[in-house]
*Asks:* 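Dropping a structure here in structure tokens format, bear with me for questions.
Quick note on labels: first sequence line is chain A, next is B, and so on, each numbered from 1. Computed from a predicted structure; not experimentally measured.
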2 protein chains.
Amino acid sequence: MVGGIRHYEMRKRNRALVISAVRKAGQCSRTQIARLTDLSQSTISAIASDLLDEKIMRQAGQGEATPARRGRPQVAIELNPEAASAVCVYLSFNNLSAALVDYCGRVIERQDTRLSTLDVGQRELMDLAASTIRSLIGNRDNVLRVVLAVQGITDSDGHELLWSPITPHNHVPFGPALEEIFGLPVIVQNDCNMIAAALRWHDPQRYGDNFAAILLSDGIGMGLMLNGRLFTGTHSSGGEFGHMIHEPNGALCRCGRQGCIEAYAGTYAIWRKAHGRSPMEEPVADTEPEHMGALARCARSGDERALEAFNEAGQAIGFGIGSLFALVDPAPIVIVGQGTTAMDILEPAIRRALARTAGGQDAVDIPIETEREEIPLVQHGCAMTALTGIDNDIFGPAQRAETNAARSVTRKSVA
Amino acid sequence: MVGGIRHYEMRKRNRALVISAVRKAGQCSRTQIARLTDLSQSTISAIASDLLDEKIMRQAGQGEATPARRGRPQVAIELNPEAASAVCVYLSFNNLSAALVDYCGRVIERQDTRLSTLDVGQRELMDLAASTIRSLIGNRDNVLRVVLAVQGITDSDGHELLWSPITPHNHVPFGPALEEIFGLPVIVQNDCNMIAAALRWHDPQRYGDNFAAILLSDGIGMGLMLNGRLFTGTHSSGGEFGHMIHEPNGALCRCGRQGCIEAYAGTYAIWRKAHGRSPMEEPVADTEPEHMGALARCARSGDERALEAFNEAGQAIGFGIGSLFALVDPAPIVIVGQGTTAMDILEPAIRRALARTAGGQDAVDIPIETEREEIPLVQHGCAMTALTGIDNDIFGPAQRAETNAARSVTRKSVA
DNA sequence: GCTCTTTTTTTCGAGCCTCGAAAAAAAGAA
DNA sequence: TTCTTTTTTTCGAGGCTCGAAAAAAAGAGC
């Protein structure tokens, strides 16, 4: 049962709606907000004046074009960058990149650390995250949220890292541990979900309510946007596209099972195949981007084994997308990351396989986009996740908790 | 953009919440409703008295136990069965079952028709549906909705039947055509989704916010409940579990492609395999339930080929569930329909395969339930879909459209 | 430079809705 | 018959949105 709705909720949602409209538009006059939100002028006036009073928004310096029209000029308001800030951390293989962003999403400070993720203890891993966050926070008092993206499987509540290829430890409780230290909400998220979130912010035209972002690197990850929402599993972050079954009882996967898509399309799998190794050989721990580039060049210049390896990878991905499309059809598809450097070889194989599936009946029409760099996307996704979280959970509810309390106290003491 | 919330919406949702609470509970006093909805006594009092005035609810004849406690006795209210009614139609292979249900979901009248769905023209198919609905409606004026469940793929808006194994016609526009005739909202839905909806109403304890219902008959269908909502594709009804790929380039499926799960686990596939036919042989049009029962008995009494056929089917289903669980983990699983008669043979094979997938890591723990009869489930699902639709869309919005109009007219004419 | 027109923003009163407290209602208990 | 207990209704207060009117802030015209 959802529970009833009161005035408080109504105001909260309308406030959040206004904030969201301004966040999307960048700058916005009250009249425009009214049009965007379908609320009346008077309501917008009231909400906007509250938000300005609370310093969540501020009047925008009249930027560029004042088209010199007749009538009272619109005064644009915008998010106040100092209203809040958030820390975004991305933990991936041998790398920790963190950033402090202001309330508008602009990066204030950045910090990158190399480490050997496979060799580091669970304690150290969490300590490293904590010290990075601490140094970014410094003595700021307006940091309201931390978002930690990790390569791997997280729980659906955003508390823990359940399993990851980058560390031998399971159930790493980043969320609770860091919340304890900093007294802030900490959200742990799968990196591919953050990529999907970022893409939607970058280009809402192309990446609208439905699309899938597939990250091709060591492992295969996926972020799925369905009906305008990030799709997550019921217990875990879900969307483990790389571990759908491609060949029952097939090649050995890094996860220890057999026949996963990743066991054909992960960089280690391509490397294994191209070097003529057995599909049951233990995956190598790390494949350098340069090696993969070289392999792609081999394939292009006619090396049969290399070509075959990429074809097999493309086939696995294509059939996988086909199975995914049988369940839900999230066109377009975006391929992200290192794997995109070989897209000229992969894409034909993907489309060939896709065309042979029920889900991919109109395979020709399915747009497949590419994005080379995943790290900036992950960070931007974290930032927007943190900030919209602040919008909805903190700035949405009217900031009158104290005022209200004060008022009722006043009333009582007067009476 | 969702658009802002006004008082009207607030009341609408709270009314819908009250109706939903009463629908779930059967009978309910105002005090209980207040507790269930977390709204105040006064609000419930107001809403309840409106709903009674509008004859959407009625006072319940004090059913059984009046536990003779002190104090003013609770007066229970319940849905007024005559507030509305709905027509539910289920079109499946060679069969059309329809029912008229009252606002409480009780069947008032039923009508079943046998036909040869494969041989009937598109026009005739729609005419048959229309005449069945017409005869059920009779001269009632409180029929507010029609829900048509079909075996096959429907569009996500619930307007059309896009593709179905039971008819050669594609894009059959049941929705618009019937709406045109009867002037009522008509919703076209996939049968497995209706099964999932029904199971949730039947046993919300067991089938809660997350579960998957898999229908094993000629084809393989699935209804997926995720986070308390029926999962549908973005363009089509989605959840075409049967057409996820089991073996790339594998056995011939009824859909014309190769290697779909259905091509191993549909009754025609089991029949084909058990009779030693080639996996590329054209699927037979129809397999009688009796044949399948006989086949299962053969397998039980040691017929190798039959046993192998069922094992292969179980394996396809198991790996499919594993792939599904990689994306999302909707435990428990319910197997529905004819296929359940062979569950003693299928289940071990399913679990063996499932255990070999990443998604099914805890395969032992995943509960697999069975439900033999699908038709009653589909009909009940249609009924609840129709009725909750009426609750939300028609009875939720305050019934004061005319009153308001009248009022404002009065005011104006007075002024 | 002053007035007129146009557009945006704020203000104000009305109406709707929820809530808490008090009153009313409807029983059993004494 | 009166007291106690529990449910339901009533009533006034407060919060929120809305439409209409007023105020504000420009350019246009002379």
*Asks:* Would you list the pairs meeting salt bridge (charged side-chain N to carboxylate O under 4.0 Å, His left out) in which at least one residue belongs to residues 387-398 of chain A, sequence neighbours left out?
*Replies:* Arg23(A)-Asp391(A), Arg145(A)-Asp393(A)
*Asks:* Which residues satisfy the ring pair (Phe, Tyr, Trp, His ring centres under 6.0 Å) test with Phe211(B), sequence neighbours excluded?
*Replies:* Tyr207(B)
*Asks:* What residues form a side chain to side chain donor-acceptor pair (under 3.5 Å) with Asn142(B), not counting sequence neighbours?
*Replies:* Ser85(B)
*Asks:* Which residue pairs pass the ring-ring contact (aromatic ring centres under 6.0 Å, His included) test when at least one of the two sits in residues 29-58 of chain A, sequence neighbours left out?
*Replies:* none
*Asks:* If you fit an axis to the five pairs at each end of the helix from dG1(C)-dC30(D) to dA30(C)-dT1(D), how big is the angle between those two axes, to 10 degrees?
*Replies:* 20°
*Asks:* With sequence neighbours left out, what residues match Arg58(B) under side chain to side chain donor-acceptor pair (under 3.5 Å)?
*Replies:* Glu78(B)
*Asks:* Quick one: list whatever passes side chain to side chain donor-acceptor pair (under 3.5 Å) with Asp209(B), sequence neighbours left out.
*Replies:* Arg200(B)
*Asks:* Residues in side chain to side chain donor-acceptor pair (under 3.5 Å) with Gln189(A), at least two apart?
*Replies:* none
*Asks:* Going by the salt bridge (charged side-chain N to carboxylate O under 4.0 Å, His left out) test, which pairs reach into residues 39-48 of chain A, not counting sequence neighbours?
*Replies:* none
*Asks:* State which residues pass salt bridge (charged side-chain N to carboxylate O under 4.0 Å, His left out) with Asp102(B); sequence neighbours excluded, sorted by chain then number.
*Replies:* Arg106(B)
*Asks:* Given the structure, check if the side chain of His7(B) and the base of dC16(C) hold any donor-acceptor pair shorter than 3.5 Å.
*Replies:* yes
*Asks:* Could you run down the sub-3.5 Å N/O contacts of the protein with nucleotides 11-13 of chain D?
*Replies:*
none

*Asks:* Tabulated below should be each protein N or O lying under 3.5 Å from an N or O of nucleotides 2-5 of chain C; please produce it.
*Replies:*
none

